[in-house]
Number of protein chains: 2
Amino acid sequence: MELIKIYACLCDLTRLRLLNVLVQGPLCVCHFQEVLQEPQVKISKHLAYLRQRGLVQAERRGNWVIYALAPKPSRELKVNLACLQDCARENPVFKRDVARLKKIEPACAWVQAGEPAKAPGQYRCGC
Amino acid sequence: MELIKIYACLCDLTRLRLLNVLVQGPLCVCHFQEVLQEPQVKISKHLAYLRQRGLVQAERRGNWVIYALAPKPSRELKVNLACLQDCARENPVFKRDVARLKKIEPACAWVQAGEPAKAPGQYRCGC
DNA sequence: GATTCATATACTTATTAAGGAATACGAATT
DNA sequence: AATTCGTATTCCTTAATAAGTATATGAATC
């Protein structure tokens, strides 16, 4: 059932933080590392978990792989993501993540805007 | 974190069904069996799971143990239970459960109403 | 006191998950 | 061609979970 899958995705703190950040817009793995302050394997594996269950999409751009919320989310998913944001607003962990995100803004916003791939040499993280 | 605990409780179908039924009012294990059509062990163990995490309360009355939603739920829990109900409204599984519940209504409503223990011989299930 | 009833608790087995270390992979750079 | 960079995957260990069978518990009945 769709609902179970969603809750399974939500019952891990790292994934909760990933989703909370993703709500703001697409982001590549290296930026997730910076925002969450967690090792690459951890980030990468939890993103894979979310991707396998269809909550999240990946797109390669040069060396980067940019993750975004899946388009056309089910009603259940929409409702629960809204619910998560509601709860996350007051939580120090999530607030800190968003604060760190703001610093590197607009990180990968150009992807969402549909811009073509960047010129060579533009995919350097600087983490 | 409170949120993780909540989502952990929600990521199993049996527990989701239990909670969805509990929203309607207190119920004893034997009635859960009837409503969910699941074996006693399964029901009992998942209720224990919910109780250990504070989502649910138990109270013994004769042979019966009556479960109810914990009083004074956190904001996160309230929001998520509301969200669950919202999603459950259209789902055949949950709808069927509620339908079966209606048939045995008012099952354990007298507990919520604060009534004293029933007279001897009144705790026969009839399942 | 023995039995029945409703519920809970081992015990077992199988599955899934999380984390870290090391390594593989694909694309870009030198 | 070799290296670097960003990311994914494999392997391993450990722990948590779910489900079923059998058994225990506690209260009420006979």
Side-chain angles (χ1 to χ4, degrees), chain A residues 1 4-5 7-18 26-53 56-67 104 107-108 111 117-127, chain B residues 1 4-5 7-18 26-53 56-67 104 107-108 111 117-127:
Chain A
M1 183 188 312
I4 306 296
K5 195 183 63 186
Y7 287 131
C9 287
L10 296 179
C11 72
D12 174 273
L13 181 54
T14 305
R15 289 195 291 268
L16 232 41
R17 295 171 70 196
L18 290 173
L27 215 61
C28 68
V29 178
C30 58
H31 288 137
F32 276 118
Q33 283 179 246
E34 219 181 330
V35 169
L36 300 204
Q37 309 265 54
E38 295 281 358
Q40 184 258 325
V41 210
K42 198 170 174 180
I43 301 279
S44 191
K45 281 205 282 196
H46 281 295
L47 283 171
Y49 186 105
L50 293 173
R51 189 156 72 109
Q52 280 163 15
R53 284 155 187 82
V56 140
Q57 257 188 348
E59 185 187 347
R60 177 146 220 151
R61 293 280 183 110
N63 273 337
W64 293 5
V65 174
I66 290 149
Y67 283 83
I104 61 173
C108 301
V111 174
K118 290 189 172 189
Q122 289 308 100
Y123 292 103
R124 309 205 141 248
C125 184
C127 299
Chain B
M1 184 187 314
I4 306 297
K5 194 183 64 187
Y7 287 130
C9 287
L10 297 179
C11 71
D12 175 272
L13 181 55
T14 306
R15 290 195 292 267
L16 232 41
R17 295 170 70 196
L18 290 173
L27 215 61
C28 68
V29 178
C30 59
H31 288 136
F32 277 118
Q33 283 178 246
E34 219 181 331
V35 170
L36 301 204
Q37 309 264 53
E38 295 280 358
Q40 184 259 324
V41 211
K42 197 171 173 179
I43 301 278
S44 190
K45 282 203 283 194
H46 281 295
L47 284 171
Y49 186 106
L50 292 173
R51 190 157 72 108
Q52 281 163 15
R53 283 155 187 82
V56 141
Q57 257 188 347
E59 185 187 346
R60 178 147 220 151
R61 295 277 184 115
N63 272 337
W64 293 5
V65 174
I66 290 148
Y67 283 83
I104 60 173
C108 299
V111 174
K118 289 189 173 186
Q122 290 308 102
Y123 292 105
R124 307 207 142 250
C125 187
C127 298

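By convention in this document, chain letters (A, B, ...) are assigned in the order of the sequence lines, proteins followed by strands, and residues within each chain are numbered from 1.
Contact detail for A/Ile4 and B/Leu10: the closest heavy-atom pair is CD1-O, 4.3 Å. In plain terms, the two heavy atoms of A/Asp12 and A/Thr14 that are nearest each other are OD1-N, 2.9 Å. The two atoms that bring A/Cys11 and B/Ala8 nearest to each other are CB-N, 3.6 Å, heavy atoms only.
Taking atom CG on B/Asn63 and atom C1' on C/dA8, their separation rounds to 13 Å, with Å as the unit. One atom, CG of A/Leu16, and another, P of C/dA18, lie 12 Å apart when rounded to the nearest Å. For A/Gln57 and D/dT7, the CD to C1' distance is 18 Å, given to the nearest whole Å. One interatomic measurement links the two molecules: CD1 of A/Ile66 to P of C/dA27, which rounds to 14 Å at whole-angstrom precision. In this entry the distance linking NE2 of B/His31 with C1' of C/dC5 reads 13 Å, nearest Å. One interatomic measurement links the two molecules: CZ of A/Arg60 to P of D/dA8, which rounds to 7 Å at whole-angstrom precision. Taking atom CD of residue A/Gln33 and atom P of nucleotide C/dG19, one finds them 15 Å apart after rounding to whole Å. Rounded to an integer number of Å, the gap from CD1 of A/Ile43 to P of D/dT9 is 16 Å.
Checking the phosphate oxygens (OP1, OP2) of D/dA8, a side-chain nitrogen or oxygen of A/Ser44 falls inside 4.0 Å.
At a threshold of 4.0 angstrom between heavy atoms, the contacts of A/Tyr67 are confined to the sugar-phosphate backbone, with no base atom among them.
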Legend entry - Under 4.0 Å protein heavy-atom contact, by nucleotide of nucleotides 17-22 of chain D - B base, S sugar-phosphate only: SSBBB-
Cut-off 3.5 Å, no hydrogens considered: what does the side-chain donor-acceptor table look like for residues 40-52 of chain A, sequence neighbours left out?
{"unit_1": "A/Lys42", "atom_1": "NZ", "unit_2": "A/Glu38", "atom_2": "OE1", "d": "3.2"}
{"unit_1": "A/His46", "atom_1": "ND1", "unit_2": "A/Arg15", "atom_2": "NH1", "d": "3.2"}

Inset, instruction - Might you work through the side chain to side chain contact (heavy atoms under 4.5 Å, CB included) test for B/Arg61 and B/Glu59, ending with a clear yes or no? - result: CA-CA 7 Å; B/Arg61 295 277 184 115; B/Glu59 185 187 346; 3.0 Å; yes
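Within the 4.5 Å cutoff, the side chain of B/Leu16 has heavy atoms near those of the A/Tyr7 side chain.
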